[in-house]
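These notes are about the structure you will find just below.
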Amino acid sequence: MIELTHRPIDSAELLCKVGSNQAGAVVLFLGTVREMTGERRTIALDYECYPEMAQRQLADLEAQARARWPIIECAIVHRLGHLELGEASVAVAVSTAHRDVAFEAARWLIDTLKQVVPIWKKENWADGATEWIHPGLPPEAER
Amino acid sequence: MIELTHRPIDSAELLCKVGSNQAGAVVLFLGTVREMTGERRTIALDYECYPEMAQRQLADLEAQARARWPIIECAIVHRLGHLELGEASVAVAVSTAHRDVAFEAARWLIDTLKQVVPIWKKENWADGATEWIHPGLPPEAER
Amino acid sequence: MIVRVRLFAVARQLAGKELVEVSLPSGGTIAQLRVALPEQFPALAPLGRAAMFSVGAEYADDNTRLAEGADVACIPPVSGG
Amino acid sequence: MIVRVRLFAVARQLAGKELVEVSLPSGGTIAQLRVALPEQFPALAPLGRAAMFSVGAEYADDNTRLAEGADVACIPPVSGG
């Protein structure tokens with residue numbers, strides 16, 4: 001199950017969705033809005049995506065993970081729009097018979113999501129500046 | 001924060017407890033009651049512990065993890081008593097600035113908990129037999 | 001031919017619009033689009049070679065040939081999660 | 001001396017009680033308790049050498065000396081999680 005949503009992520013609902021009598025292990029990963037990046041203070045983030053492509057890429061991630069590991073249930077949700085400090089921007093939940101696989105698959109899903117899914121975040125820095133984050137591009141100030 | 005409880009584990013409450021504006025990552029592990037162990041069907045589990053020692057061991061695990069990794073918040077809860085299929089017997093939640101540490105610490109905590117904390121489970125097999133589980137001891141039938 | 005390219009995040013911000021129309025030789029490739037885009041829209045030059053491109057909402061490599069009316073997007077380095 | 005040993009899980013089930021009183025030479029060690037326990041309570045023999053022991057709710061090694069009144073428990077292999 002995958003979802004792109006503008007509403008807050010409901011972790012309890014996701015845990016329900018991946019729960020199963022066949023599962024001995026559930027791993028939930030949440031990415032949350034952190035205040036400090038090095039010395040710099042964030043007050044909020046904005047996320048946008050390329051909707052059709054992000055949807056496809058997320059579905060493809062789930063399919064790849066299911067092909068690679070014996071996953072019982074899998075849920076990947078990414079939040080869009082404006083997020084305050086501490087809110088979850090992304091959730092990955094995986095249930096499996098044994099915990100090795102749950103940890104490995106959840107880790108792979110979030111690592112790969114961050115590399116390939118066309119979603120972008122904009123920092124709203126405490127000094128009033130805003131900045132789209134693009135790993136590998138020089139910071140805006142130097143462009 | 002550590003807890004031994006006879007009540008159902010409230011994952012949403014744990015996620016709240018470990019949430020922080022300083023955290024960029026939260027990993028929650030749940031161990032849940034699985035129906036099948038190989039070919040054998042379970043209908044329920046009973047957990048018991050040596051309370052004073054389990055409490056100390058859990059506190060020690062949290063302290064060791066905090067000494068080893070930059071953990072923001074950490075919660076370890078183990079359920080006791082009678083558990084039905086699908087219920088969570090254990091929850092480990094860790095929040096950190098970056099996800100590598102959250103995955104690593106959560107994994108270490110559950111692995112180590114399973115090795116050292118004096119808690120035992122009794123299988124209630126579907127065929128009516130019950131059996132205390134003690135890894136390394138021969139199955140009851142062969143004792 | 002004219003290829004319409006969707007822009008996101010800093011690309012949209014740099015260009016000041018969500019969509020740009022790029023002139024390419026008929027049957028041009030992503031590699032040619034990569035060169036033409038900053039030539040025709042110098043504001044997009046800061047993307048350098050870091051951007052990827054998609055056709056039909058799938059990543060497309062430099063050899064992919066484009067047709068007029070193709071559903072093309074410029075995908076600057078992603079930062080979801 | 002008499003050492004009272006708490007039993008859990010299969011150990012309690014095998015012995016049919018939560019606590020057993022084991023006779024040990026004064027100043028006896030966990031190693032000696034390990035031998036004395038199945039001798040004095042043959043029902044516990046199936047534990048073999050797999051059980052650990054605790055003193056004062058901490059794991060204790062074979063060299064740990066016991067005093068009368070010590071808070072001792074037999075810890076069969078754990079299966080929490």
Side-chain angles (χ1 to χ4, degrees), chain A residues 8-16 18-38 41-45 72-73 83-111 113-114 121 126, chain B residues 8-16 18-38 41-45 72-73 83-111 113-114 121 126:
Chain A
I9 294 175
D10 184 338
S11 304
E13 189 194 332
L14 285 187
L15 290 171
C16 270
V18 303
S20 160
N21 288 355
Q22 304 317 311
V26 175
V27 169
L28 169 70
F29 172 81
L30 297 177
T32 59
V33 181
R34 194 180 58 229
E35 185 171 23
M36 302 305 295
T37 301
R41 184 180 303 273
T42 297
I43 51 169
L45 295 180
I72 298 169
E73 297 294 343
L83 276 77
E84 302 291 336
L85 295 181
E87 288 196 278
S89 52
V90 64
V92 171
V94 176
S95 61
T96 61
H98 300 286
R99 71 187 183 286
D100 309 53
V101 172
F103 274 102
E104 207 176 315
R107 181 65 201 259
W108 180 86
L109 282 166
I110 184 62
D111 286 355
L113 181 155
K114 288 171 84 88
K121 74 174 168 191
Chain B
I9 294 174
D10 184 338
S11 303
E13 189 194 332
L14 285 187
L15 290 170
C16 270
V18 302
S20 160
N21 288 355
Q22 304 316 311
V26 174
V27 170
L28 169 70
F29 172 81
L30 296 178
T32 59
V33 180
R34 193 180 59 230
E35 186 171 21
M36 302 306 294
T37 301
R41 184 180 303 273
T42 298
I43 52 170
L45 295 179
I72 298 169
E73 297 294 341
L83 277 77
E84 303 291 337
L85 295 182
E87 288 196 278
S89 53
V90 64
V92 171
V94 177
S95 61
T96 60
H98 302 286
R99 70 187 182 286
D100 310 53
V101 173
F103 274 103
E104 207 176 316
R107 181 66 201 258
W108 181 86
L109 281 166
I110 184 61
D111 285 356
L113 181 154
K114 286 171 86 87
K121 76 173 166 190

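Convention: sequence-line order gives letters A, B, ...; per-chain numbering from 1.
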Atom OG1 of A/Thr32 and atom CG of B/Leu15: how far apart are they, to the nearest 0.5 Å?
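With rounding to 0.5 Å, OG1 (A/Thr32) is 10.5 Å from CG (B/Leu15).
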
Going from CZ on A/Arg34 to CD on B/Gln22, what distance comes out if it is rounded to the nearest 0.5 angstrom?
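A/Arg34 atom CZ to B/Gln22 atom CD measures 9.0 Å (nearest 0.5 Å).
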
Which of the residues B/Thr37, B/Thr42, B/Val33 is involved in the greatest number of heavy-atom pairs with chain A at under 4.5 angstrom?
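If we count pairs closer than 4.5 Å to chain A, B/Val33 comes out on top.
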
Do you know which of B/Val26, B/Ile110, B/Val90 has the most heavy-atom pairs under 4.5 Å to chain A?
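Max contact count across the listed options: B/Val26.
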
[X] versus chain A, the contacting section by heavy-atom distance below 4.5 Å:
| X | value |
| --- | --- |
| B/Ala106 | both |
| B/Ala102 | neither |
| B/Val27 | both |

Using non-hydrogen atoms only, which part of A/Asp10 is less than 4.5 Å away from chain B: side chain, backbone, both, or neither?
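For A/Asp10, neither part sits under 4.5 Å from chain B.
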
Shortest non-hydrogen contact between A/Phe29 and B/Ala25, atoms and distance:
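Looks like CE1-CB, 3.6 Å.
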
Contact winner vs chain B - [options], heavy-atom pairs under 4.5 Å:
| options | answer |
| --- | --- |
| A/Ser11, A/Ala23, A/Gly31, A/Gly19 | A/Ala23 |
| A/Val92, A/Leu85, A/Asn21 | A/Asn21 |
| A/Gly24, A/Ala12, A/Gly86, A/Ala93 | A/Gly24 |

Side-chain heavy-atom pair A/Arg107, B/Asp100 within 4.5 angstrom cut-off
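Of all side-chain heavy-atom pairs linking B/Asp100 with A/Arg107, at least one is under 4.5 Å.
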
